[in-house]
Amino acid sequence: MRVARRTLLGAGLAAATSALAGCGDKGSSAPGPAGSGDAVTATDAAGNRVGFGSAAAPSGSPSATASPSGGAAPAGQARYAQDVTALLREQLPATGQTVQHKGFPGAVAVVLVDGKTTVHTAVGEALRYGAGAKLLPPGQRVAMRPDAIFDLASVTKVYTAILLLQQVDKGRVDLDAPVRDLLPAFTGAGKERITVEMLLTHTSGLPVGAKVTGLPDNAARWDAVLTTGLVPGAVPGDTFRYSSVGLMVAGRIVEKVTGQRLDQALKNNLTGPLGLRDTGFNPKTWLSGSARASRLVATDARSSRGLLRGTVHDDVANHLGGVAGHAGIFASATDLAVIGQMLLNGGTYQGRRILAAATVRRMLSNQNAGKPAVDPERPSRTAAHGLGVVLDQRWFMGRLAAPRTFGHTGFAGPSLLVDPGRRLVLALLTNRAHPNWSWANPDPVRAAVGDLLAREVN
């Protein structure tokens with residue numbers, strides 16, 4: 001999503017390897033001692049932290065081998081791990097005192113192939129700017145850690161879809177049922193034709209955003225969401241139009257049928273069963289003080305709310321208390337990769353079934369075949385979409401794009417991409433919105449990483 005959508009809602013690597021015995025970036029918060037499963041990091045010649053995966057390589061992980069760019073890959077990772085790192089480093093500010101970045105101040109990438117981690121890297125800074133987009137002195141900045149926690153923005157929609165489809169599995173929700181049968185307050189001309197499935201396929205005809213400002217309380221704000229009218233001329237079911245409102249409504253359905261607020265439903269039905277301790281809404285409420293200081297990744301520094309760090313970037317989600325179906329979840333790249341792996345596994349992860357296999361097949365199949373797409377920001381995009389996931393879109397998947405490749409992006413810079421043909425999961429999290437989301441378009445680097453992995457993974 002770009003302006004309109006947000007308005008509505010090699011040598012350095014060698015130096016890094018030689019610095020492994022050292023600690024964090026000079027003047028930045030250094031991570032604590034590496035424990036079992038903690039990522040090992042180093043500082044490169046430019047002062048950027050580079051992640052080198054877990055201290056103990058997972059069983060069955062690829063061993064370090066020679067890379068085409070020269071040198072050895074980090075222990076326990078694939079030979080292309082340093083190439084991913086180098087590609088990401090190209091997007092960072094040129095020097096420690098450069099004000100404007102090319103792509104983002106920092107990033108974390110995790111790649112799984114056949115369920116094994118082949119890349120886990122962190123570059124740059126989690127916090128570089130203060131309120132007003134002021135470049136902070138080095139001593140006040142925070143280096144990016146491999147376990148950094150990012151605002152997932154619209155990638156939240158994938159989680160909401162999973163939670164809703166769980167209720168389909170339980171027989172509590174029929175995808176073909178009118179939304180109004182479940183939420184009587186979902187009123188407005190023509191909206192009686194909108195089904196639950198249309199919310200997840202973005203064919204409801206609902207607009208991108210809802211107006212919730214200037215209202216007295218959360219009840220009034222949610223009433224405004226539920227009574228948001230159709231896009232003029234829209235016919236439910238006919239056309240793909242990206243709609244955050246649709247996923248807000250989907251989240252309300254989850255709340256209605258579970259009797260739990262969405263953040264609690266997420267914990268009870270998804271993150272808890274999967275053991276994802278670094279995922280949730282409103283992370284300041286569940287992270288320790290030290291974790292908030294060292295792991296939270298900043299987004300906008302120019303908002304009316306000041307610097308945003310651990311507070312949802314999306315304005316509508318913020319007005320709704322930080323808990324909504326379209327945005328608001330924060331997570332680490334490792335946790336996000338688990339979601340991709342679970343779906344790739346047909347709904348299971350480490351022996352825990354989250355979704356029925358048949359439900360996952362439907363979720364990951366194109367539900368919009370033959371329908372037109374309306375997206376002024378990406379005129380070339382197609383309508384290909386599953387239930388809560390984007391399918392086959394080269395603009396962010398690069399050469400990994402294929403009819404079965406699925407994932408999602410978020411405005412603040414995160415993305416999830418899963419290529420079933422290669423048994424590959426990519427969780428790429430960047431803070432491109434820090435301090436100013438208008439400085440860079442995140443799609444080219446997403447596609448470039450996709451291109452690199454398409455060449456390397458067969």
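Being a predicted model, the structure only gives us computed values, none of them experimental.
A donor-acceptor contact shorter than 3.5 Å links the side chain of T285 to the backbone of N282. At least one donor-acceptor pair under 3.5 Å links the side chain of Q367 to the backbone N or O of S365. A distance-only check finds a donor-acceptor pair linking the side chain of W286 to the backbone of F281 [under 3.5 Å]. No donor-acceptor pair under 3.5 Å is formed between the side chain of N345 and the backbone N or O of G347. For T405 (side chain) and L400 (main-chain N/O), a donor-acceptor pair under 3.5 Å exists by modelled atom type. A donor-acceptor contact shorter than 3.5 Å links the side chain of D314 to the backbone of V316. A donor-acceptor pair under 3.5 Å links the side-chain atoms of K191 to the main chain of T228, judged by distance alone.
R277 CZ: 12 or fewer foreign heavy atoms inside a 6.0 Å radius.
Annotation for T299 and H434: closest pair O-ND1, 2.7 Å, computed over non-hydrogen atoms.
A heavy-atom distance below 4.5 Å is found between the side chains of T98 and R128. With contacts defined as side-chain heavy-atom distances shorter than 4.5 Å, the pair L428/V110 does not qualify. Considering only heavy atoms from C-beta on, T382 comes within 4.5 Å of Q393 through its side chain.
Under 3.5 Å, the side chains of Y159 and T271 contain no donor-acceptor pair of N or O atoms. A side-chain donor from one of R305 and N318 sits under 3.5 Å from a side-chain acceptor of the other. Between the side chains of Q77 and T117, no donor-acceptor pair of N or O atoms lies under 3.5 Å. Of the N and O atoms on the side chains of T334 and S332, not one donor lies less than 3.5 Å from an acceptor on the other residue. Inspection of the K157 and S244 side chains reveals an N or O donor paired with an N or O acceptor under 3.5 Å.
A salt bridge links R362 with E197: at least one charged nitrogen is closer than 4.0 Å to a carboxylate oxygen. Ionic pairing of D419 and R404 is not present here: no N-O contact between side-chain nitrogen and carboxylate oxygen is shorter than 4.0 angstrom. A salt bridge between R261 and E255 is absent, with no side-chain N of the basic residue lying under 4.0 Å from a carboxylate O of the acidic one. With respect to K116 and D114, no salt bridge is recorded, no charged nitrogen being found less than 4.0 Å from a carboxylate O. A salt bridge between R309 and D151 is absent, with no side-chain N of the basic residue lying under 4.0 Å from a carboxylate O of the acidic one.
By the salt bridge (Lys or Arg N to Asp or Glu O under 4.0 Å) test, R295 pairs with D147, D278, sequence neighbours left out. Remark: F186 engages no residue in a ring-ring contact (aromatic ring centres under 6.0 Å, His included) (not counting sequence neighbours). Applying the ring-ring contact (aromatic ring centres under 6.0 Å, His included) test to H385 and every residue at least two apart in sequence or in another chain returns H202, F240.
In this structure, R381 fails the cation-pi test against Y242, since its NZ or CZ atom is not both closer than 6.0 Å to the six-membered ring centre and inside 45 degrees of the ring normal. Stacking of R432 on the aromatic ring of W439 is not recorded, the 6.0 Å distance cut-off and the 45° axial limit not both being met.
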Verdict with supporting geometry, H408 and S415, side-chain contact (heavy atoms from CB on, under 4.5 Å): CA-CA 6 Å; H408 214 290; S415 59; over 6 Å; no
